Number of protein chains: 2
Amino acid sequence: MTDNARPPSSRTSKALKTPGAQPVVAAVLDDTDRKLLALLAEDATRTYAELGKLLFLSAPAVHERARRLKKEGVIKATVATLDAARLNRPLLAFVHVDTTSWAVTRQLLALKELSDVEEIHTVTGESAMLLKVRTRDTQTLEQLLARIHAIEGFTGTRSYIALTTYLERGPSPEL
Amino acid sequence: MTDNARPPSSRTSKALKTPGAQPVVAAVLDDTDRKLLALLAEDATRTYAELGKLLFLSAPAVHERARRLKKEGVIKATVATLDAARLNRPLLAFVHVDTTSWAVTRQLLALKELSDVEEIHTVTGESAMLLKVRTRDTQTLEQLLARIHAIEGFTGTRSYIALTTYLERGPSPEL
DNA sequence: CTTGAAACGCGCTATCT
DNA sequence: AGATAGCGCGTTTCAAG
């Protein structure tokens, strides 16, 4: 929508000298980069000219930085943020799954096909896995729990239903 | 060119009788709306022409739907998704805060100023609040916990550190 | 809803400092 | 590294079917 795809250019890109395997570590960012990322993380529909005024840069300069940050993978994607309530998903829950064997993990990964499931993590502590799920009602949540209980090798689940969400956002740069 | 490859778009809207107040409820969405939302939720940089091909619609028609969905608040924003690891935040943790009084909630809301904190919810269960935080290292996490412990009126915190994140995405339309 | 056309804004490139 | 100028795509609106 806002990313005009143009024919590939023969632009000279500096080949980063990365000795050894590709390091998945922190990128090198200056203050302007961080401010730009913070701005894009809250609203990616702004024009480069507009961003330029906020950053005291020209539009092409902002464009160049954004291009570099995308290429480096700091900006993973640009997505639309949807309102869960208007999508008929008012019920948010965090489900801790206590397992006895790691084989259960593989079974739980199949849950990513369900649009109800937003997050799947393995975690430390007494429970081995943590799910963030958003359903239409408690019955749909119960169906989801029943599906988890059908898997062998876990000791139980504990669900925490969100009453009010005061803050919910993605990763943002420090400072 | 007018082949009938167009899928039927049935208006299967949830009438959703709300007897009381609560003005914010599910929007009326047909199948095309849901597909469009799913597409935009995964990549909002596509052109309207491109979306039109995927949805068997013309570009102006897609534009009209997107405009309506934004106006109705189904699409809350369009944001850049950042890579936490490259932002120097490799440590993801969920912190359960056990409180004795609801007054603690107000104190915790001040934490939203910190860029480390991504989510703040009040939840059911033995713990009253749940935080999703992302820090650079364990020491930074400890500082954050120390800040919470400085607040009066809670019995303790339990932290679950994410080992691997297998899935992490925002709300998407059902089906 | 469609196609077609037209005007405008802006992404993007090129060139220079 | 950043600024300025300009091309051209894509968005956006309008008309007619």
Side-chain angles (χ1 to χ4, degrees), chain A residues 1-17 26-81 173, chain B residues 1-13 27-37 39-72 74-75 77-81 86:
Chain A
M1 291 167 74
T2 51
D3 208 15
N4 285 346
R6 292 264 291 175
S9 64
S10 58
R11 179 158 186 85
T12 61
S13 58
K14 284 187 283 187
L16 299 183
K17 290 177 287 187
V28 180
L29 306 172
D30 61 11
D31 288 345
T32 306
D33 285 331
R34 278 187 283 269
K35 283 178 188 167
L36 174 58
L37 289 169
L39 288 170
L40 292 177
E42 88 173 22
D43 183 7
T45 66
R46 277 183 276 234
T47 65
Y48 287 128
E50 199 172 346
L51 292 167
K53 286 194 176 181
L54 295 170
L55 298 170
F56 304 100
L57 286 177
S58 66
V62 177
H63 176 258
E64 169 58 24
R65 282 177 183 265
R67 191 194 61 79
R68 196 191 78 236
L69 292 168
K70 280 178 191 163
K71 181 183 152 204
E72 289 178 355
V74 183
I75 298 175
K76 288 196 299 184
T78 301
V79 302
T81 304
Chain B
M1 301 301 279
T2 57
D3 51 32
N4 44 10
R6 201 164 15 215
S9 57
S10 58
R11 289 259 171 184
T12 55
S13 62
V28 179
L29 306 172
D30 63 10
D31 289 345
T32 306
D33 285 331
R34 278 188 283 269
K35 283 177 187 167
L36 175 57
L37 289 169
L39 288 170
L40 292 177
E42 88 175 20
D43 183 8
T45 66
R46 277 183 275 235
T47 66
Y48 287 127
E50 199 172 346
L51 292 167
K53 287 195 175 181
L54 296 170
L55 297 170
F56 306 100
L57 286 177
S58 66
V62 177
H63 176 256
E64 169 59 23
R65 282 177 183 265
R67 193 193 60 78
R68 196 192 79 236
L69 292 168
K70 280 178 193 165
K71 181 183 152 201
E72 290 178 355
V74 183
I75 298 175
T78 301
V79 302
T81 304
R86 315 230 175 184

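Because the structure is a prediction, the values reported are computed rather than measured. Protein chains get the first letters and strands the later ones, always in sequence-line order, with residue 1 at the start of each.
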Check against side-chain contact (heavy atoms from CB on, under 4.5 Å), B/Thr78 and B/Leu40: CA-CA 9 Å; B/Thr78 301; B/Leu40 292 177; over 6 Å; no

Under-4.0 Å side-chain N/O to phosphate OP1/OP2 contact, B/Arg67 with D/dT11: no

Roughly, in whole Å, what's the span from CG in A/Asp31 to P in D/dA1? 15 Å

Could you tell me whether the phosphate oxygens of D/dG10, OP1 or OP2, come under 4.0 Å of any side-chain nitrogen or oxygen in B/Tyr48? no

Using a heavy-atom distance cut-off of less than 4.0 Å, which residues of residues 53-62 of chain A contact DNA chain D? A/Leu57, A/Ser58, A/Pro60, A/Ala61

Is there a side-chain contact between B/Arg46 and the phosphate of D/dG10, meaning an N or O under 4.0 Å from OP1 or OP2? no

The side-chain contact (heavy atoms from CB on, under 4.5 Å) partners of A/Glu50 (sequence neighbours excluded) come to A/Arg46, A/Thr47

dist B/Lys35:NZ -> B/Leu54:CG (nearest 0.5 Å) comes out at 10.5 Å

Partner set under side-chain contact (heavy atoms from CB on, under 4.5 Å) for A/Asp30, not counting sequence neighbours: A/Thr32, A/Asp33, A/Arg65

Going by side-chain contact (heavy atoms from CB on, under 4.5 Å), name the residues that satisfy it together with A/Lys53, two or more places apart in sequence or in a different chain. none

side-chain contact (heavy atoms from CB on, under 4.5 Å) filter on B/Ala61, not counting sequence neighbours, yields B/Leu57, B/Ser58

Counting only side-chain N and O atoms of A/His63, is one of them less than 4.0 Å from OP1 or OP2 of C/dC12? yes

